[in-house]
There are 2 protein chains.
Amino acid sequence: MIDTLRHVFELNGFVGIETRAVEPGSSLLKKGETSKEIYLLSRLQEVGHEDGKPVEDRLGLHFDLTVPLSRYVVENSGHLAFPFKRYQIQKVWRGERPQEGRFREFVQADIDVIGNGELPDHYEVEVPLVMVSALEELRAYGLPKATVHANNRKLSEGFYRGLGLSDIEGVLREIDKLDKIGADEVTQLLVKECGASLQQAQACLELAQMTATSGAELTEGFNWLCSKHEISQESEAYQLAAQGLATLAMIVDEADRIRPGAVIADLKIARGLDYYTGSVYETFLEGAEGLGSICSGGRYDNLATQGSHTYPGVGLSIGLSRLLSYLLNQVGAHASRVSPASVLVAVWNEADRASSNHIADALRQRGIAADVAPTAAKIGKQIKYADHLGIPYVWFPAQAEAGESEPQGDQVKNIVTGEQVEASPVSWTPDSLYAQQQVVIGA
Amino acid sequence: MIDTLRHVFELNGFVGIETRAVEPGSSLLKKGETSKEIYLLSRLQEVGHEDGKPVEDRLGLHFDLTVPLSRYVVENSGHLAFPFKRYQIQKVWRGERPQEGRFREFVQADIDVIGNGELPDHYEVEVPLVMVSALEELRAYGLPKATVHANNRKLSEGFYRGLGLSDIEGVLREIDKLDKIGADEVTQLLVKECGASLQQAQACLELAQMTATSGAELTEGFNWLCSKHEISQESEAYQLAAQGLATLAMIVDEADRIRPGAVIADLKIARGLDYYTGSVYETFLEGAEGLGSICSGGRYDNLATQGSHTYPGVGLSIGLSRLLSYLLNQVGAHASRVSPASVLVAVWNEADRASSNHIADALRQRGIAADVAPTAAKIGKQIKYADHLGIPYVWFPAQAEAGESEPQGDQVKNIVTGEQVEASPVSWTPDSLYAQQQVVIGA
């Protein structure tokens with residue numbers, strides 16, 4: 001999966017980077033809820049006197065690849081060509097409660113485009129489309145069709161302000177819970193936690209229930225909702241919403257032109273993290289919506305800053321371990337065999353091991369992965385070893401029969417089909433079905 | 001480098017595994033000197049009351065891939081086919097003092113073969129030869145020729161005991177310093193720290209100075225040294241040494257037959273770690289001996305145990321980050337360009353971006369990595385952006401000239417050579433010299 005994603009990201013001109021596993025506590029503590037899950041490090045010598053050191057001055061394991069990216073961009077701004085398109089596939093660590101599909105150590109695959117001072121809007125449609133094409137490649141491993149659900153923070157904020165609400169972060173936080181706890185509970189929370197009247201709360205839910213597959217449908221629906229709730233198109237609040245509306249309409253229309261059905265507008269998408277300033281994305285799998293979003297992100301204008309200078313960016317992140325867990329446990333994807341070798345060369349007796357090694361080396365030089373039997377056990381035992389590793393072919397080196405001076409020719413047996421043929425290590429080629437270790441779905 | 005190593009290991013039938021970054025303190029504390037360098041983890045909630053918990057019960061980052069392997073083998077012994085051939089390429093962490101070529105976070109690439117209760121000797125020559133063939137592939141990136149220097153713990157121990165010495169680990173520890181501090185200082189340390197007489201110490205150094213490229217030369221030299229120091233071939237000590245001598249002679253002769261010059265016997269090789277029980281290996285680069293061993297390992301009979309059951313193994317480990325640092329800083333290896341894209345598609349104006357995207361997608365579908373200009377800036381600026389990223393080709397989409405209804409054909413320019421030709425995204429192919437991002441040596 002990592003190789004596949006890397007291939008797609010590079011085809012699209014993203015530069016791969018890798019950053020160290022640790023970041024300073026001061027950076028890690030800045031990201032709200034997720035910050036509570038950090039793991040801090042101590043050297044063995046420090047054990048017993050760790051308490052004196054403030055968390056900000058200690059090192060912790062990164063819990064995402066965005067904090068490291070913002071440090072990387074600031075540290076290397078002098079050398080980078082902007083917009084900087086980077087991909088990064090690494091382990092991250094979170095001290096949350098482990099459960100089905102939630103791990104304390106997992107792999108994320110991120111792509112981001114970072115501008116220097118400014119960043120053109122078109123990346124807000126291109127970046128999610130690169131992720132869609134990457135996820136499309138993973139369908140070979142049994143992944144269902146993925147759809148990106150997009151929203152825009154400015155659109156939501158403008159609408160909430162137009163309703164007369166002011167605790168925008170609070171409203172977004174509650175709306176984010178919609179799929180988990182349902183409309184009734186969210187309405188109650190909006191009233192209780194965010195100072196909304198029942199009518200305001202219901203308006204927020206009406207917005208959250210809107211989806212659209214074209215810019216025209218989106219604009220019409222949004223404007224209808226605004227007039228229903230008496231939000232004037234002349235108001236400052238509407239002007240803010242209109243910026244988000246224009247970007248979101250552009251994203252849906254452009255995406256539809258390039259890859260119909262890949263991206264829809266879904267106005268309940270809120271994202272828990274508070275650093276997004278425009279587009280936000282979540283991605284759901286057809287028939288596996290219960291898995292939640294498998295690839296999320298958005299546009300952030302202020303994540304990386306250097307004095308008053310900013311590096312606005314847009315990016316998405318795939319939670320790869322969770323996807324893999326889904327493919328293994330729900331879809332039944334697995335490796336076609338344990339060993340990467342497609343051939344096990346048998347050994348008639350230890351004195352002949354050199355000739356078996358020689359055959360294996362000849363095969364390897366032609367790119368055919370080969371192993372040699374560990375001992376000159378009975379041939380049945382050697383075949384059993386190949387079978388245990390899923391190695392499909394067993395190679396029998398030529399043997400000088402009693403009374404003959406010339407050895408018989410080599411033979412190779414496909415232990416799956418039982419077929420056995422004469423073969424030479426400089427010309428024989430495995431059937432393509434058995435040549436490579438592959439991903440197989442189902443039994 | 002990782003891809004290259006992975007390819008070689010899989011060609012040889014090694015199964016790739018990856019283990020979590022953490023192991024229990026109790027396992028990490030078992031490995032002598034290196035154990036002092038562990039990093040322990042605390043969850044944020046635990047900060048302030050970490051002291052109560054014994055180090056053994058805490059989690060720490062792994063400092064090698066051998067501790068995780070022994071846990072993995074014991075945990076999965078029921079599912080594995082033995083001998084289990086595994087490779088593992090992962091980051092490890094050590095809290096040592098950072099210096100040129102020494103990092104606190106670095107990548108190791110390990111191969112090991114683990115037996116169940118027993119492990120045939122032939123792996124003691126095959127495993128180092130797989131490493132040599134892997135290092136041979138890295139010569140394309142400027143790595144000098146590598147030679148494995150092999151010794152055997154039993155040979156050394158038998159000889160030392162034959163001399164009348166009993167602090168075998170102590171003697172090995174001092175001999176291990178030979179390259180760093182020289183013969184005179186080692187002699188003094190043997191006398192001072194290991195209870196050796198001056199004559200005994202000098203005999204240890206005579207052994208350490210022996211090298212051999214054939215089993216016969218090794219055996220002759222060793223036996224001559226034994227008779228010089230009156231170690232009888234009838235003695236128990238000599239019998240122990242003879243076991244090591246036979247294995248080492250086999251290794252040198254077998255390796256010489258398969259890959260002449262790849263492995264030599266070098267009796268000063270001691271290895272700091274005390275879990276090796278037979279063969280030990282270090283690997284040096286021609287002309288870069290000062291770098292020290294870049295790939296080390298050995299045979300261990302008791303590393304992984306389950307009750308009284310043992311899983312003997314033999315393995316070697318490449319310190320990959322150190323090699324990379326050498327290639328970057330001493331050899332001058334570097335990427336041929338920053339971006340993986342070989343083509344930048346220009347954009348005449350923002351309204352035409354869709355047609356530029358369309359061209360880029362057509363190229364990508366044919367496996368040609370392509371980027372699209374970030375803005376419809378002046379063409380000179382777009383070419384400069386390509387140049388900054390090292391992208392060799394700039395693609396100019398067809399443009400409807402004033403007064404013509406049909407657009408002119410697309411053109412593509414090699415900005416390195418200046419050559420510009422008409423081209424179609426469904427048939428054009430980059431010159432192989434510029435097609436892929438590559439490793440280049442020198443300016």
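Remember, it's a predicted structure, so these values are computed and weren't measured experimentally. Chain letters run A, B, ... following the sequence lines, proteins first and then strands; every chain starts at 1.
- Across every non-hydrogen atom of B:Tyr385 and A:Ala81, the tightest pair is CE1-CB, 4.3 Å.
- Residue A:Lys85 touches chain B through its side chain alone, counting heavy-atom pairs closer than 4.5 Å.
- Note that CD of B:Glu10 and CZ of A:Arg364 are 13.0 Å apart. Values are rounded to the nearest 0.5 Å.
- A:Glu126 and B:Asn357 get closest at one heavy-atom pair: OE2-ND2, 3.5 Å.
- When each of A:Phe82, A:Tyr123, A:Phe9, A:Phe103 is scored by its heavy-atom pairs under 4.5 Å with chain B, the top score falls to A:Tyr123.
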CA sep, side-chain torsions, deciding dist, call: B:Glu18, A:Lys91, salt bridge (charged side-chain N to carboxylate O under 4.0 Å, His left out)
CA-CA 11 Å; B:Glu18 186 167 323; A:Lys91 283 186 178 171; 3.1 Å; yes
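- Looking at every heavy atom in both residues, B:Asp371 comes nearest to A:Gly13 through OD2-O, 4.2 Å.
- Using a 4.5 Å heavy-atom threshold, the side chains of B:Ser42 and A:Arg58 count as touching.
- Per-residue heavy-atom pair counts under 4.5 Å with chain B were compared for A:Thr375, A:Val338, A:Val343, and the maximum is reached by A:Val338.
- Contacts between A:Gln365 and chain B at a heavy-atom distance below 4.5 Å are absent for every atom of the residue.
- Summarising the geometry of B:Leu44 relative to A:Leu29, their closest heavy-atom pair is CD2-CD2, 4.1 Å, with the distance given to 0.1 Å.
- To the nearest 0.5 angstrom, A:Arg6 atom CZ is 4.0 Å from B:Asp3 atom CG.
- Using modelled atom types, one side-chain atom of B:His122 and one backbone atom of A:Pro374 make a donor-acceptor pair closer than 3.5 Å.
- Interatomic distance, A:Arg104 CZ to B:Leu41 CG, rounded to the nearest 0.5 Å: 10.5 Å.
- Note: B:Ala21 leads B:Gly115, B:Gly16, B:Ala21, B:Ala354 in heavy-atom pairs under 4.5 Å with chain A.
- Nearest heavy-atom pair across A:Glu105 and B:Arg20 is OE2-CA, 3.0 Å.
- Of the two parts of B:Leu119, neither the backbone nor the side chain holds a non-hydrogen atom closer than 4.5 Å to a non-hydrogen atom of chain A.
- Summarising the geometry, atom CG belonging to A:Leu80 is positioned 9.5 Å from atom CG belonging to B:Leu389; distances are rounded to the nearest 0.5 Å.
- Contacts between A:Leu344 and chain B at a heavy-atom distance below 4.5 Å are absent for every atom of the residue.
- There is no contact between B:Gln436 and chain A, counting heavy-atom distances below 4.5 Å.
- Once rounded to the nearest 0.5 Å, the distance linking NE2 of B:His388 with NE2 of A:His79 reads 9.5 Å.
- When every heavy atom of A:Ser339 is checked against every heavy atom of B:Val15, the shortest pair comes out as CA-CG2, 3.9 Å.
- The environment of B:Gln438 atom CD is dense: over 12 non-hydrogen atoms of other residues, nucleotides or ligands sit within 6.0 angstrom.
- For a residue to count as touching a neighbouring chain, one of its non-hydrogen atoms must lie under 4.5 Å from one of that chain's; by this rule A:Pro83 touches chain B with backbone and side chain alike.
- The greatest number of non-hydrogen atom pairs below 4.5 Å with chain A, out of B:Pro340, B:Gly367, B:Ala369, is found for B:Pro340.
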